S.K.: 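Got a structure here, written out as structure tokens. Questions coming.
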Amino acid sequence: MDAFKQGAFSVAVKAGVRVVPVTLLGTGDLMPSGQESRLKAGKVKLVIHEPIGGGDAKQMCEEARAVIAAELTKYGYEV
């Protein structure tokens with residue numbers, strides 16, 4: 001998983017709102033890399049995490065990535 005960009009987190013800080021990280025599990029089985037135009041039937045698990053707040057976009061960005069990476073690792077995905 002690549003680094004997250006801070007744009008959405010900067011907007012959240014300026015707006016004074018929290019960000020809710022979301023992890024999608026199983027999307028790679030439905031849309032394999034290099035075959036994005038082909039969508040297969042199947043199931044995806046959606047994990048909605050606790051909101052992240054704070055006054056620092058970089059910290060929020062890093063925390064969101066860590067939360068999502070931990071969830072992916074828990075289910076055996078490489079990050």
Side-chain angles (χ1 to χ4, degrees):
M1 183 169 64
D2 292 334
F4 288 8
K5 298 191 178 195
Q6 292 184 34
F9 302 97
S10 295
V11 171
V13 169
K14 288 177 186 174
V17 298
R18 297 183 296 172
V19 173
V20 179
V22 175
T23 303
L24 296 171
L25 300 162
T27 58
D29 297 333
L30 306 181
M31 200 173 2
S33 180
Q35 300 177 13
E36 287 80 7
S37 63
R38 293 184 155 191
L39 184 60
K40 298 178 184 178
K43 294 183 179 182
V44 172
K45 181 174 182 166
L46 175 70
V47 181
I48 301 171
H49 302 283
E50 292 294 320
I52 296 172
D56 181 70
K58 183 177 180 183
Q59 176 196 3
M60 288 173 63
C61 181
E62 291 171 356
E63 186 176 344
R65 187 189 185 287
V67 166
I68 293 169
E71 192 72 22
L72 290 170
T73 302
K74 184 168 99 175
Y75 284 91
Y77 293 93
E78 291 184 31
V79 289

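Predicted, not measured: the structure shown is a model, and the values here were computed from it.
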S.K.: Do side-chain atoms of Y77 reach the backbone of A69 as a donor and acceptor pair under 3.5 angstrom?
M.R.: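 Here the side-chain-to-backbone pair does not exist.
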S.K.: How far apart are the closest heavy atoms of C61 and F9, and which atoms are they?
M.R.: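 Here C61 and F9 meet closest at CB-CD1, 3.6 Å.
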S.K.: For Q35, does the CD atom have more than 12 heavy-atom neighbours from other residues, nucleotides or ligands under 6.0 Å away?
M.R.: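 Yes.
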S.K.: Show the nearest heavy-atom pair for residues V13 and G54, with the distance to one decimal.
M.R.: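 Where V13 meets G54 most closely, the heavy atoms are CG2-O, 3.9 Å.
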S.K.: Would you say F4 and V22 are hydrophobically clustered, going by side-chain heavy atoms of ILVMFWY under 4.5 Å?
M.R.: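 Per the 4.5 Å side-chain linkage, F4 and V22 are not co-clustered.
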S.K.: If hydrophobic clusters are built by linking Ile, Leu, Val, Met, Phe, Trp and Tyr wherever their side-chain heavy atoms come under 4.5 Å apart, do V19 and V11 end up in the same one?
M.R.: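 V19 does not cluster with V11.
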S.K.: Work out which heavy atom in L30 is nearest to a heavy atom in K43; give both atom names and the distance.
M.R.: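 The pair with the smallest heavy-atom distance is CD2-N, 4.1 Å.
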S.K.: So which heavy atom on V17 is nearest to which on M60, and how close?
M.R.: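 For V17 versus M60, the nearest heavy atoms are O-CE, 4.3 Å.
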S.K.: Any idea which heavy atoms bring L39 and M31 closest together, and the distance?
M.R.: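 Scanning both residues, the minimum pair turns out to be CD1-CB, 4.4 Å.
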S.K.: Once you round to the nearest 0.5 Å, how far does CD of E50 lie from CD of E63?
M.R.: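 If we round to the nearest 0.5 Å, E50:CD and E63:CD are 11.0 Å apart.
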S.K.: Minimum heavy-atom separation for L46 to L24, with atom names?
M.R.: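 Heavy atoms of L46 and L24 come nearest at CD1-CD2, 3.3 Å.
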S.K.: Whether R65 and E62 form a salt bridge (side-chain N of Lys/Arg under 4.0 Å from carboxylate O of Asp/Glu) is what I want to check.
M.R.: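 Here E62 does not pair with R65 in a salt bridge, since their nearest N and O are not under 4.0 Å apart.
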S.K.: Pick one: which of E71, K74, H49 meets side-chain hydrogen bond (donor to acceptor under 3.5 Å, both in side chains) with T23?
M.R.: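 Looking at E71, K74, H49, the match for T23 under the side-chain hydrogen bond (donor to acceptor under 3.5 Å, both in side chains) is H49.
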